[in-house]
Amino acid sequence: MSASLLAPFMISGIVLAAVPWLIHRIRRPERETMFFSSLMFIPAAARKRIERQSLQHILLMMLRMLGLILLAIAFSRPYFFWEATSLNQTEGASHIILMDVSASMNAGHRMADARREALAILDSMQPIDRCALIVFDRKPDILVPLPQNAGDLALNRSRMRQKIASLAPGHLTTSYLSALQSAQEMLAADDSGNQEQPRRKIIHLISDFQKTGLSSFERRWALSSQIDFNPIAVGAPQDNHFSITDIGVPKKLTNRFLIMAQIKNTHPSSQDESLCRIRLFLNGEEKESREVFMAAGHSSKTSFAIDMPEEKSFYGWIEAAPDSFPTDDKRYFAWNSSSPKQVWLAAAQPGETPPWPPSFFLKSALQIDGNRQWIVHEKSFDELEQALPGAPPDILILCGMNTINQTQIKAVFNYLRQGGGAMLLLDEHAARPPFSLEFLQPLGLHAEGWRSTDANTPTRETFSWIDFEHPIFYSFRGSEFNDFTSIFFSHYLVLEEPSPQTAEMNLKTIARFENSNPAIIIQKHDKGRLLIWAFTPDVRYTNLPKNSRFVPLLWVSLNQLADHEERQDSYLVGDILDPSMPSSNENDRWLITSSNPQTTAALRSDSTPAKFRRASEPGWIQWRRESHPDDSIVCAVNIDAKEADFSAIPIEQFRQKFAASSQDEIPGRSDDSIVDNQQIIHHEWGRILLFFLLVLLFAETLYSARLSKKSLTAAAKQGVD
Amino acid sequence: MSSDLFHIDPQQLAAITDLQLLARIVVEGFMSGLHASPHFGASVEFAQYRPYVQGDDPRFVDWSLYARTDRLHSKQFQAETNLRCMILLDCSASMSFSSMKASKFDYARMLSACLAMMLFRQKDAFGLLAFHEEIEAYIPPRMNQQHFNHMLLSLNDLAPSRKTNFPAILQKANDLIPHRGMLIIISDFLHPFKDIIELITLLSVRHRDVLIFSISDPMEEDLSLNRSVTLIDSETNKEAYVVPDFIRKEYQENRRRHFSQVREECFSLEIDYGEFLTTEPLDRGLFQFLSKRKQILLSRSAHRTRTGGGS
């Protein structure tokens, strides 16, 4: 049996014991003192009385000091603890074996070790003990539940052995919290134990204890104090060596791609640089290889430039030299071409515009070399009137409002009502009829006029406010991109703020000039969307076309208008696959192929709609339209790179994190004795001290009263004080 | 006997810091008041006759006696019997107590200085041993002006401190002080006397002539305090809260019992013992000393007469 304190910091209150001593020193009777030659003739009785009084006061002081010391010790909550031996031995114990089957368990002999440990636990159990098996990666899965009847014990054991022997690690990430919560819930729901004499409850957690399995955002959660927690670590930290942790396929030029990969040497010990051979496979064939030198704990990036002419989609992988954890030695990538968007650019008539009209910059921005996203067609307003009803474009850009007439405006509104996306770039002509009356007024906007300032003076205005929460500016919210002060405007259209009464017009201002005039407005117009710039990208009026933010802003704006979303080409194991089939209709049939023939067969036989299927293993998956085999989509599936990080939590630290905290548990309990997760019986005895303290206070009061009475009697007798 | 005219209050004498001046004032005042010759005990004083033996100085032959008796006799003088005197002065912390201007130690120091002056004038050798629990100062007995000055300086430098350890000091004094001679012990004797009686006996046997001066403060005599007070023992620092009215009687009885014992023991050992209050003039002490000296010289003369030996 040992003793300790639950609130050791409270023991510092022991310094309060000095208070009675100080009072004793300060409050000594203030009597006149005199140095006398000798006390040898002073009667002994008088001296003894004085000495006795002095001793009594010292005793009283020590009594008070003892009281304060007891108080400090009581508040520091002392307790005894000893091994619990008196738990119910006749009912047996309930064991839950939690086995980690996350991707990291593929490394080395981890899974074999885990199976061996689980079997050893089974062997060590008493015949009356019951056990359950839960495997977990990012979610727990109950393989063998706790048997409810004593007759099922033998069957329970045999099922446990069978399941343990057949366990195989998956490719998902680790989450300890959900697994432990699940195990605790199972034990809590287990009502077969006698409530008066509870069973021992034990959770055996067999894992490699990856740090990544614990989220720093998880709230503090601990196992119940009734549960004995037995974490068992398997695997050595040096299991892994090289892992490919990231991969990307940016397109650099027309038909030229850069395949970039990040390789990490996860070896924990410091050693000289190791050589790693990296190989690139494209559409199943090895294309290139190279060697990378890396020191332990370091990362390195490598890239391969490849040309892929006439390819709508392709896949591949980068492979490092195989080691004890082959899962992270290979990382897949995929690339799919996207169908371009049709953009009609309706600008002012030639001859009425400056040498570099706004349409020039717009066209240039949308036709960057190698870009297939936008197909720009220049249209006149007359063409617009005829073409819009027949084959509407994805996006319509209107620039230069000097020649637009009422019929053309109606055609644009019709286009918007049918779900089109239009972008208005307002110039000085927009303030005049018919545009201001026929176009802006129905939108709830009123053009007050063309604001003109001297371009050579510092009165040029900038954006004073930008709504960075709006999707158009959201990508600019970072501190590196959110500085728009370098863009200035000397001319722009002053638009009147929509009044509250016109709120139903769905107008939203997302950028303002310095005098709070709206700069960029977006409006939902029936099914369509309308984006209004109160300025035009004319270099006479603004430096926006020459600014580096022009192209991104234009692209994001057009994407927003076209409601375009980036196709996801890469998934993690466990993610729902959403290949976003291009222009598909219900009659189209898609043929599935993948890197693993078994997976291919499984996917083909799966009747689940494609958008509900989950990626189950690393590799690539390709969908081909049966009617047009060239029309294909491919995606890559990889394991979470976190699983390649084998940094482990020390087992004691893990135990402390999840084991029941004595400090948390004891206050809520009605009795002083508890059994914690380590099967240790705690007995807190601070209350006994408090009882002694009460007795002591009573004694002190009595003794102090007696001394006071004697002192008063003596004073009265001597006629002094 | 002393004359009241020359009695000077020791409390006033204490204001004189020059011990030599103080001693001269006291001793000369004392001497001038004596009826006897100030040269009492000087070397010219006749002591006795003895038969002439060959080698005696013919100057000391009493020719008148030879004329009457037809026998040669030589005169003997008291000058041949000068003594050596050692003063043992207690300078423990208890001697510092004073209820008046002069403490017990001041009084003892003045008395010692006066005794030294008197001894110096009578051509006697004198020395000093100041003590508390250790020997604070030791000056072997000599007789010259320089020695006298040295002794006064030493007395001036002394200050009462520390405890008294009478038995140890008397033991050391017994070893240190030359045999034979006069021994004057000046102390407050606030020590159980039974512890030191044996050593005093030994000293009196070896030195024959021991004179004890016990110095007390008037307040010590009767505990004349009119208020309750915490008394702190100046040597042990022990405290005692006392209400004087309640303990005075018992205190005085204890004190009387102690000094009666000292007195009786001294009497039985034929030791001259004198008790002095710090308010008493120093003359009494000096007179007691002179009486003792005379007694010593007379006894020595008688001894020589009986034995027929010379000095």
Side-chain angles (χ1 to χ4, degrees), chain A residues 17-65 700 702-721, chain B residues 90 92-99 103-105 160-161 163-164 187-193 195 214-223 225-259 278:
Chain A
V19 173
W21 178 78
L22 284 173
I23 292 171
H24 182 80
R25 298 294 303 174
I26 292 166
R27 296 197 58 190
R28 294 183 78 181
E30 292 178 2
R31 290 177 182 138
E32 187 185 345
T33 57
M34 176 190 277
F35 278 94
F36 201 60
S37 49
S38 174
L39 300 182
M40 66 185 293
F41 304 125
I42 302 292
R47 273 189 292 159
K48 279 181 183 171
R49 192 174 63 245
I50 296 295
E51 285 167 7
R52 192 171 62 245
Q53 273 188 0
S54 174
L55 278 175
Q56 283 168 341
H57 281 105
I58 289 172
L59 184 65
L60 194 62
M61 178 192 75
M62 291 176 74
L63 215 58
R64 288 167 178 165
M65 288 171 81
E700 189 269 341
L702 285 181
Y703 191 59
S704 161
R706 183 167 168 266
L707 286 186
S708 299
K709 190 179 173 185
K710 279 179 74 177
S711 174
L712 285 172
T713 310
K717 193 177 172 184
Q718 293 180 0
V720 294
D721 294 340
Chain B
D90 183 358
S92 65
S94 64
M95 291 290 283
S96 65
F97 179 72
S98 86
S99 62
S103 68
K104 291 191 285 183
F105 180 75
S161 63
K163 294 179 185 175
T164 322
S187 170
D188 53 8
F189 286 96
L190 296 177
H191 193 279
F193 201 69
D195 294 349
S214 170
I215 316 293
S216 299
D217 188 272
M219 188 185 280
E220 287 179 327
E221 280 278 307
D222 53 5
L223 197 65
L225 285 164
N226 56 1
R227 61 197 183 281
S228 56
V229 67
T230 302
L231 298 178
I232 303 170
D233 191 311
S234 47
E235 291 191 10
T236 62
N237 278 337
K238 283 187 177 173
E239 295 179 12
Y241 175 67
V242 294
V243 183
D245 293 342
F246 281 85
I247 63 164
R248 184 173 292 116
K249 199 173 174 185
E250 201 174 346
Y251 172 86
Q252 287 172 339
E253 179 58 27
N254 289 344
R255 186 177 168 84
R256 189 197 59 74
R257 196 181 300 122
H258 173 74
F259 284 105
T278 55

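First the proteins, then the strands, lettered A, B, ... as listed; each starts at 1.
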Aromatic rings A/F41 and B/F259: how do their planes relate, parallel, tilted or perpendicular, breaks at 30° and 60°? tilted

Taking side chain as everything from C-beta outward and backbone as N, CA, C, O, which of these in B/N237 sits under 4.5 Å from a heavy atom of chain A? Side chain, backbone, both or neither. side chain

Would you say that more than 12 heavy atoms from the other residues, nucleotides or ligands in this model lie under 6.0 Å from the NE2 of A/H57, or not? no

Taking all heavy atoms of A/M34 and all of B/L225, pick out the closest pair and write down the distance. CE-CD2, 3.6 Å

Is it the side chain or the backbone of B/R227 that comes within 4.5 Å of chain A heavy atoms, both, or neither? side chain

Between B/E250, B/H191, B/E253, the one whose heavy-atom pairs under 4.5 Å with chain A are most numerous: B/E250

Over 12 foreign heavy atoms within 6.0 Å of OH, A/Y703: yes

Centroid-centroid distance, B/F97 to A/F36, less than 6.0 Å: yes

Heavy-atom distance under 4.5 Å between the side chains of B/P192 and A/M40, does that happen here? yes

Between A/I42 and B/I247, the two heavy atoms sitting closest are CD1-CD1, 3.9 Å

Heavy-atom pair of closest approach, residues A/L39 and B/K238: CD1-O, 3.4 Å

A/S37 versus B/D233, closest heavy-atom pair with distance: O-OD1, 3.7 Å

Heavy-atom pairs under 4.5 Å with chain A are the metric here; pick the option from B/K104, B/E235, B/R255 that has the most. B/R255

